[in-house]
Asks: 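Take this structure first; my questions come after.
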Amino acid sequence: MIKKTTKQKITTDILIIGSGIAGLSLALKLAKHFKIILVAKSSITEGSSQYAQGGIAGVLDPFDSVESHIEDTIKAGAGLCKKSAVRIVAQNATQAILKLIKMGVPFSKKIQSEDFHLTKEGGHSHRRIIHASDHTGKSILKTLIDKIHNSANINILTEHMSVDLIYNKNLPIKERECIGGHILDKKTNQVITIIANYTVLATGGASKCYLYTSNPDTSTGDGIAMAWRAGCKITNMEFNQFHPTCLFHPKDRSFLITEALRGEGAVLKLPSGKEFMQDHDLRADLAPRDIVARAIDYEMKKHGIDCVFLDISHKKESFIKHHFPTIYSRCLKNGIDITKEAIPVVPAAHYTCGGIHTNLTGQTNLNRLFAIGETAYTGLHGANRLASNSLAEGLVFAELAYQQIKKLYLPIKKSSIINTKIWDTSFVTQSEEKILVSHDWDELRRVMWDYVGIVRTDNRLRQALKRIKLLREEVREYFYSYNLSSDLLELRNLTQVSEIIVKSAIARKESRGLHYNINHPHTKKNGKTTSLQKTIKKGIKK
Ligand SMILES: Cc1cc2nc3c(=O)[nH]c(=O)nc-3n(C[C@H](O)[C@H](O)[C@H](O)COP(=O)(O)OP(=O)(O)OC[C@H]3O[C@@H](n4cnc5c(N)ncnc54)[C@H](O)[C@@H]3O)c2cc1C
């Protein structure tokens with residue numbers, strides 16, 4: 001049963017913000033020892049985790065090895081992976097998967113066998129992806145949520161959105177500590193102050209910065225923006241992974257069209273019907289994900305078109321329906337019969353490789369604040385993410401953070417609780433101008449898509465920064481003038497995170513991994529990470 005409190009200022013041992021694979025896994029572990037409040041800004045299931053199709057990477061085949069998983073991850077990361085982070089994930093992913101099996105996640109088995117079926121995805125040199133058919137994320141969440149509902153120590157607040165972290169603003173970052181967060185109850189529009197001994201951000205990625213994304217609406221980079229405002233270090237935000245083919249449809253914008261379609265012979269075409277991939281790569285439609293995404297982006301900009309088309313209609317109807325039942329029925333619902341016509345597609349923002357800088361236990365540089373899952377930068381992905389490594393990272397870092405919180409656990413001072421002020425709403429009024437917020441949302445996501453997308457130039461990045469700064473000023477004004485709404489809070493976070501992305505992209509004077517700049521097409525010999533930190537009093541560097 002979901003338990004709820006209505007007080008304005010409440011205390012708990014641990015506050016976890018986010019109910020994806022990272023937040024749920026950690027909550028279950030910590031609940032053995034502590035009282036937890038778990039906050040989710042939408043329903044408990046909504047987040048990227050439930051849409052994960054492919055699976056989780058981990059060494060399960062006797063012919064595979066941890067060393068090989070490490071090697072593949074480092075190769076994908078284009079020279080920027082932190083080797084210790086890669087090793088810790090590769091070494092612990094198997095254990096994390098075995099725990100899920102024990103908990104009852106129904107992973108797919110080989111036909112007429114008790115062995116688990118492992119798939120192989122791009123960049124992996126072995127079969128090492130365990131999956132539950134093509135709904136891995138959903139199956140894992142269901143298992144975790146069933147267990148969470150049986151835990152007396154976990155208080156779940158859905159439709160509650162964190163506004164900002166609570167910390168001692170007047171101290172330099174090294175002396176600051178995070179003691180919870182201000183949380184907006186979306187139903188009553190009241191802000192609750194939750195005070196906690198430890199706070200964990202498990203808020204997912206920031207792909208909603210872009211006009212087209214495979215991510216759900218929750219991926220607005222809230223955790224990254226809140227951590228930034230509190231003085232945390234944010235790393236490698238220029239590396240956003242784009243999936244080449246997402247359905248282009250006014251009413252159904254986040255549906256991914258799997259790369260397996262091209263694997264089975266689907267061909268990318270311009271609106272005229274001309275095939276174009278052979279002009280970009282010898283492997284044509286079977287080129288790797290980032291090359292295909294770049295080629296589509298190039299053709300769309302060259303011809304001024306809104307989408308390209310992915311055509312598998314030359315295959316037999318029975319073959320298409322058998323191999324791609326989900327895509328067939330989803331497209332048909334939108335009026336597209338893929339057995340007879342091509343699917344309109346665009347590349348879409350898919351995964352945020354950078355994030356809140358953490359150590360190998362999920363600790364940030366703000367005392368008592370942890371970050372895990374897609375919101376964190378642990379060093380695992382470097383400049384590009386290897387497929388199916390993100391669920392593994394979420395699970396492994398949930399375990400590492402759990403161990404560390406248990407080891408460090410020390411309650412905050414009583415005076416901190418007493419001195420914490422509740423959210424002050426006396427200066428704000430009800431906005432009559434919702435159009436301002438929705439216009440800025442659209443403008444921001446379009447600027448990011450057009451100027452900071454798959455292919456970048458110095459000029460586009462400079463233009464983007466100018467516009468985003470103006471938007472940020474506008475949003476700041478709304479924030480301090482009007483009542484809070486989730487749209488306004490998300491816009492505030494998106495503008496903040498977009499600015500960090502652009503500044504990180506400007507700082508990188510080379511092309512590497514997912515960052516491609518026409519003015520700096522070469523890759524430097526020694527790659528470095530890009531870390532930014534808010535300029536605040538007491539000499540903190542930008
Ligand atoms: C379509 C798709 C397919 C994918 N397939 C795979 C795959 O096969 N394998 C793989 O490894 N990875 C895959 N990924 C990536 C992977 O799913 C994500 O990286 C991972 O699930 C992120 O988990 P998370 O727990 O960090 O965040 P999420 O699952 O995104 O959860 C974030 C949570 O934070 C909450 N939240 C956010 N902001 C706030 C706030 N301000 N206040 C309160 N709550 C907040 C949300 O409500 C949500 O509960 C895929 C992603 C997508 C979109």
Side-chain angles (χ1 to χ4, degrees), residues 15-27 37-58 89 93 119 121 129-132 134-138 140-141 144-145 156-165 181-186 194 200-208 213-227 241 243 246-247 254-259 348-353 355-356 362 371-376 378 380-381 385-395 397-398 486 489-490 492-494:
L15 168 64
I16 299 178
I17 306 174
S19 64
I21 192 164
L24 291 174
S25 312
L26 179 63
I37 292 182
L38 178 73
V39 175
K41 69 174 169 180
S42 183
S43 69
I44 192 163
T45 48
E46 191 61 352
S48 288
S49 297
Q50 75 151 335
Y51 299 99
Q53 300 167 355
I56 315 175
V89 172
T119 58
E121 288 183 322
I129 321 295
I130 191 162
H131 60 102
D134 63 354
H135 44 75
T136 307
K138 216 177 235 170
I140 297 173
L141 282 206
L144 295 177
I145 290 167
I156 305 165
L157 300 179
T158 56
E159 304 296 333
H160 279 66
M161 178 175 181
S162 61
V163 181
D164 264 321
L165 297 169
H182 295 294
I183 313 285
L184 176 75
D185 179 341
K186 288 167 65 179
I194 299 182
V200 183
L201 294 169
T203 42
S207 290
K208 282 283 282 189
T213 173
S214 65
N215 281 208
D217 289 345
T218 50
S219 300
T220 48
D222 299 355
I224 299 170
M226 286 190 294
Q241 189 173 62
H243 194 285
C246 206
L247 178 65
S254 300
F255 185 60
L256 208 75
I257 308 289
T258 168
E259 285 167 89
H350 188 53
Y351 187 82
T352 310
C353 288
I356 308 161
I372 53 171
E374 193 172 332
T375 197
T378 64
L380 171 71
H381 307 300
R385 174 188 72 124
L386 183 64
S388 289
N389 261 355
S390 38
L391 293 179
E393 184 189 38
L395 290 169
F397 271 85
S486 51
L489 291 177
E490 287 181 343
R492 177 182 181 231
N493 294 330
L494 282 173

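As the structure lists them, so they are numbered: ligands from 1, and atoms in each ligand from 1. Just so it is clear, the values below take in all heavy atoms, side chains as well, and ignore hydrogens, waters and symmetry mates. Index from 1, following the sequence.
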Asks: I'd like to check the side-chain contact (heavy atoms from CB on, under 4.5 Å) partners of Leu391; sequence neighbours left out, ordered by chain and number.
Replies: Ile21, Ala52, Ile56
Asks: So which heavy atom on Thr218 is nearest to which on Gly47, and how close?
Replies: OG1-CA, 3.4 Å
Asks: Only counting residues at least two apart or in another chain, list the ones meeting side-chain contact (heavy atoms from CB on, under 4.5 Å) with Gln53.
Replies: Leu256
Asks: Can you list everything that forms a ring pair (Phe, Tyr, Trp, His ring centres under 6.0 Å) with His135? Sequence neighbours excluded, please.
Replies: none
Asks: Name the residues with a heavy atom less than 4.0 Å from ligand 1?
Replies: Ile17, Gly18, Ser19, Gly20, Ile21, Ala22, Val39, Ala40, Lys41, Ser42, Glu46, Gly47, Ser48, Ser49, Tyr51, Ala52, Gln53, Gly54, Gly55, His160, Met161, Ser162, Ala202, Thr203, Gly204, Ser214, Asn215, Thr218, Asp222, His350, Tyr351, Gly373, Glu374, Arg385, Ser388, Asn389, Ser390, Leu391
Asks: Could you tell me whether Asp164 and Arg492 have a side-chain N and a carboxylate O separated by less than 4.0 Å?
Replies: yes
Asks: Answer yes or no: is there a side-chain heavy-atom contact under 4.5 Å between Glu159 and Lys41?
Replies: no
